[in-house]
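Just follow the structure's listing: the first ligand is 1, and inside any ligand the first atom is 1.
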Amino acid sequence: MNQLLVKENSHLLVSRAMHPQNTQVNIKGCIVGGEKTVVVAGPCAIESEELLKETAFKVRAAGASILRGGAYKPRTSPYSFQGHGEEGLKILARVGQEMNMPVVTELMDSQDIELVVDYTDVLQVGARNMYNYSLLKKLGRLDKPVLLKRGISATIEEWLLAAEYILAGGNHQVIMCERGLRSAEPWTRNTLDLSGVALVKEISHLPVMVDPSHGTGVRSLVNPMARAALAAGADGIMVEVHPHPEKAFSDGPQSLTPKGFSQLMRELDPIARACGRRVK
Ligand code: PEP
Ligand code: MN
């Protein structure tokens with residue numbers, strides 16, 4: 001481990017040296033960074049109210065605490081589905097309320113901040129925006145939890161310093177989220193950096209989540225990597241679930257079915273217990 005990194009950052013707000021106890025982020029009573037390992041689940045994108053409702057109902061029944069769904073999708077191709085925008089946000093807020101589940105959604109453009117903030121309980125900064133410092137500064141001025149994804153090839157230091165931008169503005173409700181790094185490996189979408197999870201937990205007091213869906217891009221790898229994430233000390237996981245992955249507008253190949261998600265929850269339970277935590 002690079003000791004210099006820890007030393008040089010010891011004065012930072014994200015550093016454990018500055019704040020030895022674990023930070024707990026309270027999302028409408030759901031505590032991230034506490035005893036319970038928090039599971040966020042839902043589709044990649046909000047496609048329709050009906051589909052989101054069905055997904056939310058099933059993931060909640062299986063034990064998910066927070067519902068995810070994208071209204072603004074950062075797609076590689078401009079011709080791919082870009083998300084339903086404000087209409088999607090309205091659907092997410094309605095379904096979250098109906099199911100009594102807090103919701104998380106990605107904010108792509110700082111111009112949309114005032115709009116998105118009213119519809120969501122957690123603002124997600126996507127991997128492509130981790131370096132968007134003007135966006136991070138604006139999030140620092142809010143009183144709203146932020147889920148900060150690690151950049152596509154960001155170092156731990158860059159990721160922690162991105163979080164520092166938000167804390168420096170006065171908003172200490174930051175959840176880090178490892179979602180895999182671009183590597184030379186073509187069989188997976190990204191390479192999930194679980195040593196980075198343990199390292200961030202060591203250096204920082206902020207809670208860390210893991211997204212094994214984007215972290216692998218492969219459905220069959222989601223469960224093993226989610227289990228490994230818990231064993232590595234993750235405070236939560238975020239997984240994509242779709243009732244009909246083969247028909248999903250985005251990220252079908254990495255989406256679990258609701259049945260697969262129930263299986264995942266069963267697999268996570270003994271691992272959480274072995275780590276002195278619980279998933280439900
Ligand atoms: C997502 O979670 O919907 C997403 C686009 O993830 P990432 O920013 O990690 O690619
Ligand atoms: Mn996705």
Side-chain angles (χ1 to χ4, degrees), residues 38-47 51-52 55 59 64 66-78 80-85 88-89 91-92 103-109 112 116 119-132 135-136 139 145-154 158-159 162-163 174-183 188-194 196-197 200 208-219 221-222 225-226 229 234 236-257 260-261:
V38 173
V39 178
V40 182
C44 178
I46 297 152
E47 298 177 8
L51 268 177
L52 188 66
T55 314
V59 298
I66 300 176
L67 179 65
R68 65 151 285 150
Y72 299 92
K73 295 307 303 174
R75 307 304 299 282
T76 301
S77 166
S80 299
F81 176 61
Q82 302 285 305
H84 289 311
L89 295 173
I91 293 173
L92 181 67
V103 296
V104 54
T105 199
E106 178 168 351
L107 168 73
M108 268 177 61
D109 190 322
D112 299 326
V116 180
Y119 289 106
T120 193
D121 303 302
V122 183
L123 287 161
Q124 179 173 326
V125 177
R128 292 154 193 81
N129 255 328
M130 192 210 80
Y131 294 108
N132 186 341
L135 175 68
L136 300 175
L139 292 170
V146 175
L147 182 94
L148 179 63
K149 291 264 190 126
R150 183 174 180 179
I152 285 167
S153 50
E158 288 167 340
W159 187 23
V174 175
I175 302 160
M176 307 294 275
C177 183
E178 163 62 35
R179 47 79 71 201
L181 294 166
R182 176 163 290 176
S183 79
T188 46
R189 181 174 177 177
N190 290 295
T191 296
L192 194 65
D193 180 17
L194 292 180
V197 174
V200 170
V208 183
M209 280 202 175
V210 170
D211 171 354
S213 305
H214 295 90
T216 63
V218 181
R219 182 176 309 119
L221 301 179
V222 170
M225 288 302 96
I237 58 158
M238 177 155 97
V239 291
E240 288 184 338
V241 180
H242 194 288
H244 313 285
E246 68 292 350
K247 290 192 204 147
F249 291 2
S250 55
D251 289 349
Q254 69 193 33
S255 298
L256 298 178
T257 60
F261 178 72

Between K149 and H214, is a side-chain contact (heavy atoms from CB on, under 4.5 Å) present by the stated rule, with each step listed?
CA-CA 11 Å; K149 291 264 190 126; H214 295 90; 3.8 Å; yes

Original post:
So, are D251 and R189 salt-bridged, with charged N and O less than 4.0 Å apart?
Top reply: yes

Any luck finding a side-chain donor-acceptor pair between Y131 and E158 under 3.5 Å?
-> yes

Answer key: the N, O or S atom of H214 nearest to the Mn ion (ligand 2) is NE2

In this structure, CD of E240 is separated from OG1 of T55 (nearest 0.5 Å) by 11.5 Å

Worksheet item: Hey, are E47 and H84 close enough side-chain-wise for a donor-acceptor pair under 3.5 Å?
Response: no

Quick note on ligand 1: atoms under 4.0 Å from a heavy atom of R179 include exactly 7 (P), 9 (O), 10 (O)

Under 4.0 Å from one or more heavy atoms of K73, ligand 1 contributes atoms 3 (O)

Quick check: R128 and ligand 1, any N/O pair under 3.5 Å apart?
yes

| Sub-3.5 Å N/O-N/O distance, C44 and ligand 1 | no

Which of L52, V40, V104 passes side chain to side chain contact (heavy atoms under 4.5 Å, CB included) with L67? Answer is L52

* **Whether R150 lies under 4.0 Å from ligand 1, heavy atom** => no

Here the N/O/S atom of E240 closest to the Mn ion (ligand 2) would be OE2

In D251, the N/O/S atom nearest the Mn ion (ligand 2) carries the name OD2

A student checking ligand 1 against G126 at a 4.0 Å heavy-atom cut-off should list atoms 8 (O)

